[in-house]
Asks: 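Let me begin by handing over the structure; questions about it come next.
Each ligand, and each atom within it, is numbered from 1 in the order the structure gives. Owing to the predicted nature of the structure, the values given are computational and were not obtained by experimental measurement.
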Amino acid sequence: MSLTAPYDQNNIFAKIIRGETPAIKIFEDDVAIAFMDIFPQSDGHCLVIPKKTGATNFLAADPADLGPLVARVQRVANGVVKGLSPDGVRIMQFNGAPAGQTVFHLHFHIIPIFEGAPLKQHAGKKADIAQLENLAARIRAALAVN
Ligand code: 5GP
């Protein structure tokens with residue numbers, strides 16, 4: 001999908017926002033939802049998305065929406081670090097299919113890095129749901145006291 005393709009209201013993240021597709025949520029407010037990536041690259045890999053639909057990617061977003069959204073990304077990343085104690089954390093996002101984007105609703109990846117544990121493939125193998133729930137519970141608990 002090109003950088004300028006129109007927004008599809010039936011993309012998987014729009015369905016998660018509307019509650020039509022389940023997600024293991026770790027954070028939600030009026031601006032953003034964060035949930036566990038179902039095909040994680042590392043333990044604790046999660047995504048932060050704006051609740052507002054319409055922006056396929058970072059470049060297409062209203063600049064006024066980015067400050068509040070990035071503040072949520074930072075808040076969730078701090079919760080991930082506090083809850084899971086990784087050695088590092090990658091925060092990234094892709095724009096356009098040639099850049100690696102596979103879901104065309106603006107989102108940020110939060111990918112904890114554990115020394116000695118290689119990252120898994122991007123959008124690769126489906127996680128064990130019980131393990132995702134366990135990681136999510138630890139992140140939620142950390143966010144609750146942040
Ligand atoms: P992108 O490739 O667009 O940067 O990232 C999309 C991310 O969404 C990928 O990391 C992929 O694993 C994740 N993903 C795709 N479909 C689903 C889904 O149905 N549920 C969840 N929780 N994550 C998904």
Asks: Out of Gln101, Lys120, His109, who gets a non-hydrogen atom closest to atom 4 (O) of ligand 1?
Replies: His109

Asks: Between Phe108, Phe35, Phe104, Tyr7, which is the residue that forms a ring pair (Phe, Tyr, Trp, His ring centres under 6.0 Å) with Phe13?
Replies: Phe35

Asks: Of Asn95, Ile38, Leu106, which has the heavy atom at the shortest distance from atom 20 (N) of ligand 1?
Replies: Ile38

Asks: Please work out whether any backbone atom (N, CA, C, O) or any side-chain heavy atom from C-beta onward of Ile24 is under 4.0 Å from ligand 1, and answer side chain, backbone, both or neither.
Replies: neither

Asks: Which residue owns the protein heavy atom closest to atom 16 (N) of ligand 1, what's the atom, and how far is it?
Replies: Phe39 CE1, 3.9 Å

Asks: For atom 9 (C) of ligand 1, what's the nearest protein heavy-atom neighbour? Residue, atom name and distance, please.
Replies: Asp37 OD2, 3.3 Å

Asks: Can a non-hydrogen atom of Phe104 be found less than 4.0 Å from any atom of ligand 1?
Replies: no

Asks: Taking 4.0 Å as the limit for heavy-atom contacts, which would you say applies to Phe13 with ligand 1: side chain only, backbone only, both, or neither?
Replies: side chain

Asks: Tell me whether Lys125 at atom NZ has more than 12 heavy atoms from other residues, nucleotides or ligands lying less than 6.0 Å away.
Replies: no

Asks: I'd like to check which ligand 1 atoms, numbered from 1 as shown, lie under 4.0 Å from a non-hydrogen atom of Gly100.
Replies: 2 (O)

Asks: Do any heavy atoms of Ala23 fall under 4.0 Å from ligand 1?
Replies: no

Asks: Where does Phe94 meet ligand 1, judged by heavy-atom distances below 4.0 Å: at the side chain, the backbone, both, or neither?
Replies: side chain

Asks: If hydrophobic clusters are built by linking Ile, Leu, Val, Met, Phe, Trp and Tyr wherever their side-chain heavy atoms come under 4.5 Å apart, do Val31 and Ile26 end up in the same one?
Replies: no

Asks: Output yes when a side-chain donor or acceptor of His105 lies under 3.5 Å from a complementary backbone atom of Val103, and no otherwise.
Replies: no

Asks: Let me check something: do Val48 and Ile33 share a hydrophobic cluster, defined by ILVMFWY side-chain heavy atoms less than 4.5 Å apart, either directly or through other members?
Replies: no

Asks: If two hydrophobic side chains count as joined below 4.5 Å and joins carry through other members, does Ile111 share a cluster with Phe114?
Replies: no

Asks: Quick one: do Arg72 and Asp30 make a salt bridge, cutoff under 4.0 Å?
Replies: yes

Asks: Please evaluate residues Ile24 and Arg140 with respect to the criterion side chain to side chain contact (heavy atoms under 4.5 Å, CB included), reporting the C-alpha separation (whole Å), side-chain torsions for both, the decisive distance (0.1 Å), and the verdict.
Replies: CA-CA 11 Å; Ile24 300 174; Arg140 274 186 218 114; 3.6 Å; yes

Asks: Indicate yes or no: does an N/O atom of Leu47 lie under 3.5 Å from an N/O atom of ligand 1?
Replies: no

Asks: Looking only at protein heavy atoms, which one is nearest to atom 22 (N) of ligand 1, and how far off is it?
Replies: Met36 O, 2.9 Å

Asks: Phe94: what forms a ring pair (Phe, Tyr, Trp, His ring centres under 6.0 Å) with it, not counting sequence neighbours?
Replies: His109, His122

Asks: Is any side-chain heavy atom of Leu106 closer than 4.5 Å to one of Leu66?
Replies: yes

Asks: Lys52 versus Leu69: any side-chain heavy-atom pair under 4.5 Å?
Replies: no

Asks: Got an N/O contact under 3.5 Å between Ala123 and ligand 1?
Replies: no

Asks: If you measure from each heavy atom of His122 to ligand 1, is any distance below 4.0 Å?
Replies: yes

Asks: With a 4.0 Å heavy-atom cut-off (strictly under), which part of His107 contacts ligand 1: side chain, backbone, both or neither?
Replies: side chain

Asks: Just heavy atoms, cut-off under 4.0 Å: does Thr102 contact ligand 1 by side chain, backbone, both, or neither?
Replies: both

Asks: Enumerate the atoms of ligand 1 whose separation from the nearest heavy atom of Ile12 is less than 4.0 angstrom.
Replies: 19 (O)

